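Just so you know, these numbers come straight off a predicted model, no measurement behind them.
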Amino acid sequence: MKVEQVKITEVGPRDGFQSESTILKTEDKIDVINNLTDAGFQRIEVSSFVSPKAIPQLADAAMILENVKRNPKTTLAALVPNAKGALRAVDAKLDEIVVFLSASESHNKKNVNRSVQDSLTGFKEIADIAGKNNIPVQGDIATAFGCPFEGNVTAKKLAEISNEYKLMGFKGVTLGDTTGMATPPVVIDAIHAIRDKVPDLEITLHFHNTRGVGLANVMTGLNEGITDYESCFGGMGGCPFAPNATGNICSEDLIYLLHEMGIETGIDLDQMISIAKKVEKLVGHKLPGQVMRAGHRLLSYSMDEVPTAVGA
Ligand code: COA
Ligand code: ZN
């Protein structure tokens, strides 16, 4: 099945900003999120309603939601770890709650200080609060393609957690490749196992480019007919509670690839490149994105700009 349209979630204001040691100003984050909405994103992860002690970079989630521009075409989502976070999200009029656990016990313990089973039990409480307030819930699985402490994660485990998500009425499952351990065969196994067990659950893929195969994994997803992906401006991002966690796949690079393949995203690549450059200035260091530097494939230069190779 040829994919003709893809929905990209920009996770930069959450996954990107949580990974920075400097805390950005709330007004700068709001400006970036407004730019993302204008660029055409249908879904943006704007922050997390987690403990500000765990992630001080995102302590201003409520302020962001209060002041950010709302557009009916753009869903504003945020991570929620527990009932306290869900109540904060309801107060902030969040469009969509994203709950998250790790497929592996050790990363779940590091990230949210509890067992996988306790996370699942807690999600029922979150789902209840969300249901009473008509807020849809998306279920993320971190370390879905491998764990930096435990190694391989089985596709069967992903299918079981996805089934629990379905039973709780979640709209879909996002497979998070926290430390970039996914490779095409692992991605195919995961998709097939989930589709076999929970055929009608929407799958979103969230890759990190830690080992340079992020976009190859997207190509694998496209071949499997997956139409939902998550990415980050400039290729920044990473979980502070996982060793060697580097950036997400880069939004501009992904959009460039998809557009070149004739796949629509609804996102303006030029605006996206400007956003990545703006964020690079805000964080004050070079970002790993490539299209933000190289520009479009057919960007042409004057011959006067380059010296001629003459011998001797
Ligand atoms: N929002 C704000 N504060 C919260 C909170 C939330 N959602 N959940 C807990 N807290 C506060 C509690 O009120 C308590 O505050 P106090 O010390 O002033 O009384 C403190 O945090 C500890 O609460 P507790 O329930 O014991 O949590 P914990 O210490 O076991 O931590 C989490 C559990 C889930 C709250 C924490 O690990 C967390 O926020 N993790 C998020 C990690 C993350 O976002 N990772 C990146 C994404 S992959
Ligand atoms: Zn991530």
Side-chain angles (χ1 to χ4, degrees), residues 8-39 41 44-48 50 52-61 63-64 67-68 78-79 107 110-111 142 148 176-182 206-218 229-257 267-296 299:
I8 302 178
T9 296
E10 171 59 56
V11 295
R14 194 277 300 172
D15 211 332
F17 293 160
Q18 81 180 9
S19 70
E20 285 298 307
S21 46
T22 36
I23 301 183
L24 297 193
K25 286 192 203 138
T26 306
E27 67 205 60
D28 288 336
K29 295 181 183 175
I30 291 168
D31 181 47
V32 168
I33 295 165
N34 289 344
N35 291 164
L36 292 167
T37 302
D38 292 345
F41 280 95
I44 306 171
E45 245 179 44
V46 290
S47 192
S48 293
V50 297
K53 284 180 195 146
I55 309 270
Q57 294 92 330
L58 304 182
D60 55 359
M63 280 289 286
I64 286 176
N67 293 292
V68 90
L79 296 196
H107 187 258
K110 279 279 172 216
N111 204 32
D177 187 18
T178 311
T179 56
M181 291 171 73
H206 171 118
F207 296 120
H208 283 253
N209 200 33
T210 317
R211 291 175 174 81
V213 290
L215 291 184
N217 290 329
V218 171
Y229 297 87
E230 299 191 342
S231 61
C232 179
F233 36 58
M236 61 192 289
C239 174
F241 306 104
N244 195 21
T246 59
N248 292 76
I249 55 167
C250 170
S251 301
E252 312 83 74
D253 297 3
L254 173 63
I255 294 162
Y256 170 74
L257 172 68
I267 300 159
D268 185 301
L269 179 60
D270 288 327
Q271 286 186 49
M272 196 59 224
I273 291 173
S274 307
I275 294 168
K277 288 182 174 164
K278 183 189 268 191
V279 172
E280 189 170 60
K281 277 209 186 90
L282 287 173
V283 299
H285 61 82
K286 193 173 170 197
L287 299 181
Q290 291 180 286
V291 171
M292 65 182 283
R293 251 166 278 287
H296 290 270
L299 187 74

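- Here the side chains of L287 and H285 are in contact, with some heavy-atom distance below 4.5 Å.
- In this structure a side-chain-to-backbone donor-acceptor pair under 3.5 Å is present from D268 to Q271.
- Side-chain contact check for V291 versus M272: every heavy-atom pair is 4.5 Å or farther apart.
- The minimum heavy-atom distance between C239 and H107, with the atom names listed, is SG-NE2, 3.7 Å.
- Contacts classified as side chain to side chain donor-acceptor pair (under 3.5 Å) and involving residues 234-245 (residues at least two apart or in different chains) are not found.
- Pairs of residues two or more places apart, or lying in two chains, that qualify as salt bridge (charged side-chain N to carboxylate O under 4.0 Å, His left out) and include a residue from residues 284-295 are E280-R293.
- For V11 against E230, the heavy-atom pair with the smallest separation is CG1-OE1, 3.6 Å.
- Rounding to the nearest 0.5 Å gives a distance of 13.0 Å between CD1 of I267 and CG of D38.
- Minimum heavy-atom separation, S231 to I8: OG-CG2, 3.3 Å.
- Nearest heavy-atom pair, G16 versus C232, reported as atom, atom and distance to 0.1 Å: CA-SG, 3.9 Å.
- Among all heavy-atom pairs drawn from V46 and P13, the shortest one is O-CB, 3.5 Å.
- Interatomic distance, E20 CD to Q57 CD, rounded to the nearest 0.5 Å: 8.5 Å.
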Verdict with supporting geometry, L215 and L254, side-chain contact (heavy atoms from CB on, under 4.5 Å): CA-CA 7 Å; L215 291 184; L254 173 63; 4.0 Å; yes
Does the side-chain contact (heavy atoms from CB on, under 4.5 Å) test come out yes or no for V32 and L282, once each step is laid out? CA-CA 10 Å; V32 168; L282 287 173; 3.8 Å; yes
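- With hydrogens and angles ignored, the 3.5 Å screen pairs no side-chain donor or acceptor of E45 with any backbone N or O of D15.
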Just do the side-chain hydrogen bond (donor to acceptor under 3.5 Å, both in side chains) check on T210 and T179 with the steps written out, would you? CA-CA 6 Å; T210 317; T179 56; over 6 Å; no
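- Contact check for N209 versus C250: no side-chain heavy atoms found under the 4.5 Å cut-off.
- Under a 3.5 Å cut-off, the side chain of N35 and the backbone N or O of I275 do not form any donor-acceptor pair.
- Under the rule for a side chain to side chain contact (heavy atoms under 4.5 Å, CB included), the partners of S48 that lie at least two apart in sequence or sit in another chain are R14, V50, L58, L79.
- Within the model, atoms OG1 of T26 and CD1 of I33 stand 9.5 Å from one another, a figure rounded to the nearest 0.5 Å.
- Residue N34 holds its CG atom at 9.5 Å from CG of N67, rounded to the nearest 0.5 Å.
- For E252 (side chain) and G234 (main-chain N/O), a donor-acceptor pair under 3.5 Å exists by modelled atom type.
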After noting the C-alpha distance and the side-chain angles of H208 and M181, does the key distance pass the side-chain contact (heavy atoms from CB on, under 4.5 Å) rule? CA-CA 8 Å; H208 283 253; M181 291 171 73; over 6 Å; no
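- Rounding to the nearest 0.5 Å gives a distance of 6.0 Å between CE of M63 and CD1 of I30.
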Could you please spell out the steps behind the side-chain contact (heavy atoms from CB on, under 4.5 Å) verdict for F17 and V279? CA-CA 10 Å; F17 293 160; V279 172; 4.1 Å; yes
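- Closest approach of F233 to E10, counting heavy atoms only: N-OE2, 2.9 Å.
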